[in-house]
> 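Sharing a structure below in structure tokens format, with a few things to ask.
All of these numbers come straight from a predicted model, not from anything done at the bench. Keep in mind that the numbers below use all heavy atoms, side chains included, and drop hydrogens, waters and symmetry copies. Whatever order the structure lists ligands and atoms in, that order sets their numbers, starting from 1.
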Amino acid sequence: MILAPEVETLPWEEQLAADDEPYRAQLRYLFERSTFFGERLRAAGFASAEAAGGLAGIAALPLADKHELKATTTSENPIGAHLCAEPGEIARIYSTSGTTGTPSYIPLTAGDVDNWVTGSARSYAASGIAPGERIVSTYNAGPFAAGAALASFERIGLCHIPVGTGNTERLVRAIGLLAPEVAVLTPSYAAHLIEWTAERDIDLRASSVRRVLVAGEPGGGEPAFRARLEDGWNAQVTEAMGIGDIGVSLFGECEAQDGMHLGARGFVHLELIDPDSGAALALEDGGSGELVLTHLRHRAAPLLRFRTRDHVEIRMGTCSCGRTGPRVRCLGRTDDMLIVRGVNLFPAAVREVVSAFEPRVTGHVLVRPTDAGVKQEPPLPVSVELARGASADEALAGAIRDRLRSALLVTTRVDLVPWGTLQRSEYKSKLVEH
Ligand SMILES: [Zn+2]
């Protein structure tokens, strides 16, 4: 179902033309209200919004990242110098997990919340879910921005059954008794459910769930990992992706399963850059780079050329579903990327290659870099978990090592570990341990 056909099938060139005026208005708003972006643009030689120009010239403007925003927080302004709205205009404040101390705060006006839900609803509707169907969700309502996606299910016209995170018994009972057609969860949790039900002789393949919507981490788009989920659930798996500071479920995959369409088109502008040089890259079919996003109609704390640290591959052109928005597949966080003797490696790619060895292995992997930082000397240690009852086998370890080298051009040391050794997650999996 295309939720907003007049928007989602508009030729992309026309979308860019339509986005130019809101972008210029957003720049004027930043010059008026944003201490952070006003100062930054002036320092870069742009005295006014007019001087900064239109969307065609966006690549000349400075990039911004999360650390720079965070560095401007004070006890008087815990949100940061990019805050534009007056206190009375702010309707909601989300926070990040704050793994390094104080969380980052993400304020939204009522209009911002509504725009988030509009984009998120388009992204999730792309999966093929239809009004009247039941969806069971496993995301908690707060404090994280992901909770805002929950409102999009009602917007689509679904019956929403929230069960929250971390209660597998409750989830499985809800699936059994309430017979939802759709389940939404992280890919790690979807994989965990396959094992969990198998151990208890519950036939997940026979459940009512025909669509599994995964989000929250990369993986749902990796072919072998996706095939495992689709087989275990006997359901179609499509993925969605949001960026906390920019918007929730900005992207959502359609039934063609060829990358996630930008559902938040008209609200967010998308660019790709080279993560090392910061140089803008052309948006070409098959291109890849770090995703950079700009708000077009945001009020509370709009961001300009925000570095997401997500490395994506992009597909352009009209999709078989009729949508014209660019599609992305997330290859991994640039923060998780390792460079092994000059070769870029995303841990998710290791998992994808190892998945080809199922059912002899479970598909759980853990990359264990020996050197601190990004650059690694080969062989790179990788733990691969064996199937239940299987014992370590030098030939298997060698075959996995050879496949990793030919597919990813990286020399590894494969350690086969017994079943159950690597951590299962009800939320997000850890693929790297330094
Ligand atoms: Zn499509």
> Kindly assign one of parallel, tilted or perpendicular to the pair His160 and Phe153, based on the angle between their ring planes and the thresholds 30° and 60°.
perpendicular
> Give a yes or no on this: more than 12 heavy atoms of other residues, nucleotides or ligands lie within 6.0 Å of atom CZ of Arg170.
no
> Can you tell me which residue pairs pass the ring-ring contact (aromatic ring centres under 6.0 Å, His included) test with a partner in residues 214-250, sequence neighbours excluded?
none
> Treating Gln376 as the side-chain partner and Arg341 as the backbone partner, does any N or O pair qualify as donor plus acceptor under 3.5 Å?
no
> Over 60° means perpendicular and under 30° means parallel, so tell me whether Phe346 and His311 are parallel, tilted or perpendicular.
tilted
> How many protein N, O or S atoms are found at a distance of less than 2.8 Å from the Zn ion (ligand 1)?
4
> Without swapping roles, check the side chain of Gln26 against the backbone of Arg297 for a donor-acceptor pair under 3.5 Å.
yes
